[in-house]
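Scroll down for the structure; my scribbles are underneath it.
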Amino acid sequence: MKQIMTAAAALALLATPAVAQETPRWSLAIHGGAGVIERASLTPERDAAYRAGLQAALDAGSAVLAQGGSSLDAVQAAIQSLEDNPLFNAGRGAVFTAVGKNELDAAVMNGADLTAGAVAGLTRTRHPIAAARAVMEQSPHVMLIGEGAESFAASVGLEQVDPGFFFTESRWQALLKALRDKGLPLPARPQGAPPEPTTLGAPVPLASLNEAPLDERKFGTVGAVALDSQGRLAAGTSTGGMTAKQWGRVGDVPVIGAGTYASNADGCAVSATGSGEYFIRATVARDICHRTAEGASVQTAAQAEIDEVGAIGGDGGVIVMGRDGTPAFAMNTSGMYRGAASSATPARVAIYADEN
């Protein structure tokens, strides 16, 4: 597979200037999914909307870290901002399964002590990342799924919503197109969804500027990695999965060591986005941390692992945070919604693979 982004290009991307920089007291990096994201596919207005969404997530996480908060709190704050933004495939912008449901997965990991929590198949919990953290901190388990996970989230006081809360017209229309292309039956419009938009009685499958494009081709996941002023690393990831997924499919996001991992001892925190089955097979997140533990830089480790994913047929990207606050971004796709900020550098966001 042709690698669209080289290690050198990824290192330059979002990098700090060549002049000497102070070591950051805290550092944060985020992503909103990788895939076929090209300039021609986004209008200037939608490009700006995505950048604003990334900036809002950076602001939410940075505010926590700047006040001396924990990396876990910052990761959760950043991801919850993205979960509430219909542009991203997580939380309110989640894609639909083949039967017309939104099923949400998430994971979080504390690098300081290797505790972790994950959930899969949520349909009513507003913030899946909060549920994953509750599993980590308020249960003896690491992963909960389906109705059991939902019941647990409700039992610990996490906000529950009607499933219609997650509905967006663009994701619904994308599902109908995918099912037609596969020759699969079309589900009824979900209960609680707004009326189908029409013009003179004909359906109009148009998304607003605040929803994802109907022809978007990307791996829908959001994530964050952070280092706080106490030197603690954390990682978190949240997703709505794949459009028209069947049979209770679960990807890499809630699989600790595949889509999410953090270890202070290894010196890295990782959140991945991509073709989940390949990221599971390559144990991407854990392997990146193994590489950094052996002395590789976060950028070298990230790119090497993405190269391995590409070698077995997978696409996607990763964000990585080092123990010194250095962020890394690597991908083998034409774009990845992403951003970074630290106590030593201003916030910056990017979309396309060739952005400097």
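Computed from a prediction, not measured in an experiment: that's the story for all the values here.
No donor-acceptor distance shorter than 3.5 angstrom exists from the side chain of S343 to the backbone of P24, with no hydrogens or angles considered. Side-chain N or O atoms of S275 include one that pairs as donor or acceptor with a backbone N or O of D315 at under 3.5 Å. Using a distance-only test at 3.5 Å, with no hydrogens or angles considered, a donor-acceptor pair links the side chain of S334 to the main chain of I37. Side-chain atoms of D228 never come within 3.5 Å of backbone atoms of S70 as a donor-acceptor pair (strictly under, hydrogens ignored).
In terms of heavy atoms, A272 sits closest to V318 at CB-CG1, 3.8 Å. In this structure, I351 and Y337 approach most closely via the heavy-atom pair CG2-CE2, 3.6 Å.
Side-chain contact annotation: Q80 with D84, donor-acceptor N/O pair under 3.5 Å absent. Looking only at atom types and distance, the side chain of E103 has no donor-acceptor partner in the side chain of T97 under 3.5 Å away.
Salt bridge present: R133 and D73 bring a charged side-chain N and a carboxylate O closer than 4.0 Å. The pair K177-D181 meets the salt-bridge criterion, with a side-chain N (NZ, NE, NH1 or NH2) lying under 4.0 Å from an Asp/Glu carboxylate O. The pair E355-R348 fails the salt-bridge criterion, with no side-chain N (NZ, NE, NH1 or NH2) lying under 4.0 Å from an Asp/Glu carboxylate O. Between E147 and R124, at least one side-chain N (NZ, or NE/NH1/NH2) sits under 4.0 Å from a carboxylate O, which counts as a salt bridge. With salt bridges taken as basic N to acidic carboxylate O contacts below 4.0 Å, none links D47 and R39.
Under a hydrophobic clustering in which Ile, Leu, Val, Met, Phe, Trp and Tyr are joined whenever their side-chain heavy atoms come within less than 4.5 Å, directly or via other members, V161 and L122 fall into the same cluster.
T168 contributes atom OG1, which lies 7.5 Å from atom CG of N102 (distance to the nearest 0.5 angstrom).
A centroid separation of less than 6.0 Å is found between the aromatic rings of F96 and F167.
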